[in-house]
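Everything numeric in this text was worked out from a predicted model, so none of it was measured. Atoms within each ligand, like the ligands themselves, are counted from 1 in listed order.
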Amino acid sequence: VLRGKLDALLALAEATDCRRVRLLQYFGESYGRLACQNCDNCLSPAPIWDATDAARKLLSTIYRVQQVSGISFGAGHIMDILRGKATDKVRQFGHEQLSTFGLGAEFSEAQLRAVLRQLIASGALHVDAERYHTLQLQDGARPILRGEQAVRLRADVAAPAARPRQRKAARGTTPAPAAASLDAAAQQRFADLKAWRGEVAREHNLPAYVIFHDATLAAIAERAPQSLAELQGISGIGASKLERYGDEVLRVARGAG
Ligand SMILES: [Zn+2]
């Protein structure tokens, strides 16, 4: 829920139209005029990036995966398809066959995330927090898909040269002290669990440690639990994490994926 609020505030910052109108919209009120003529966006309009093309490609990808697979997916997976990244998950669902696969290769992930935030804030998309933060099309998506409505972002917040993420990548390659004492098989489980956690974090747009700490993953890798009951005894796994991730963790720890 907090994440959703942060996203809504970010979307507000990235908007190109009147701040007052947006802010009142956010709180469910209407201003009664189109613009206040008094906020920074009204007084000195920022350079604009026309994100209509990116928005249409995102929306049609979300539409297609739902049609083909019958379920909804999160932002990470949708962006992978659009950017032409044939990940294991993309291949698993055959989504590299979609006509939108690779169609948005020119967009950075930062740009696409900014567009997604606008689409969510404007009611074209809904994030289902109960179902792994999957994205679902709303009525507001129709005029954009039909080409009747444009999507505009401030050029400075969605610039093609996105913030570098090297620091994060470098950190991922450092072995965690928690895993130092594991034997070879457990090391492999630990690596698999970390890869799985990275995917989940990206998909849900959350920091990895919010999913599980390294120490918890190391403990799982060491004990190689075979059942939810065995998993439950491990420190760092509460009831809600057990319910949300238990089956997936067991599958990964067994080496089945
Ligand atoms: Zn204004």
Side-chain angles (χ1 to χ4, degrees), residues 1-63 72 74-76 78-79 82-83 100 103-130 133-165 202-207 210:
V1 179
L2 180 63
R3 188 84 205 173
K5 283 190 176 155
L6 284 174
D7 276 353
L9 289 174
L10 261 176
L12 183 67
E14 288 158 352
T16 60
D17 47 2
C18 176
R19 304 268 189 208
R20 189 158 299 174
V21 169
R22 280 280 183 148
L23 198 57
L24 286 170
Q25 252 172 20
Y26 174 70
F27 289 110
E29 293 172 37
S30 126
Y31 184 52
R33 276 192 281 160
L34 284 175
C36 72
Q37 306 303 343
N38 205 27
C39 67
D40 63 329
N41 277 352
C42 284
L43 292 174
S44 56
I48 283 169
W49 174 46
D50 186 341
T52 310
D53 179 52
R56 290 181 70 183
K57 285 172 177 168
L58 280 166
L59 292 174
S60 63
T61 301
I62 292 164
Y63 175 78
S72 302
I78 298 298
M79 293 190 295
L82 198 51
R83 300 182 70 219
T100 56
L103 215 57
E106 78 266 34
F107 302 119
S108 70
E109 221 177 275
Q111 284 180 304
L112 293 178
R113 278 205 189 279
V115 177
L116 284 172
R117 281 194 292 268
Q118 285 303 316
L119 293 172
I120 292 160
S122 71
L125 281 177
H126 171 69
V127 184
D128 194 339
E130 305 282 296
H133 290 206
T134 52
L135 298 169
Q136 288 155 8
L137 290 182
Q138 304 294 299
D139 285 345
R142 274 200 209 116
I144 299 167
L145 279 167
R146 286 201 202 110
E148 296 164 0
Q149 190 184 313
V151 176
R152 294 191 187 89
L153 298 186
R154 294 172 66 100
D156 53 350
V157 287
R163 280 156 263 169
R165 312 195 79 177
R202 205 168 139 268
E203 188 74 14
H204 299 187
N205 204 8
L206 291 169
V210 172

Inset, instruction - Take Glu106 and Asp53 through the test side chain to side chain contact (heavy atoms under 4.5 Å, CB included) and record every step on the way to the result. - result: CA-CA 11 Å; Glu106 78 266 34; Asp53 179 52; 4.1 Å; yes
Inset, instruction - Report yes or no: do Ser72 and Thr134 form a side-chain donor-acceptor pair below 3.5 Å? - result: no
Legend entry - Side chains of Arg22 and Asn41, donor plus acceptor under 3.5 Å: no
Legend entry - Phe107 vs Met79, side chain to side chain contact (heavy atoms under 4.5 Å, CB included): CA-CA, chis, key distance, verdict: CA-CA 9 Å; Phe107 302 119; Met79 293 190 295; over 6 Å; no
Inset, instruction - Compare all side-chain heavy atoms of Leu119 with those of Ile144 and state whether any distance is below 4.5 angstrom. - result: yes
Legend entry - Under-2.8 Å protein N/O/S neighbours of the Zn ion (ligand 1), ordered by chain then residue number: Cys18 SG, Cys36 SG, Cys39 SG, Cys42 SG
Inset, instruction - Look only at the side chain of Thr100 and the backbone of Leu103, and say whether a donor-acceptor pair between them is shorter than 3.5 Å. - result: no
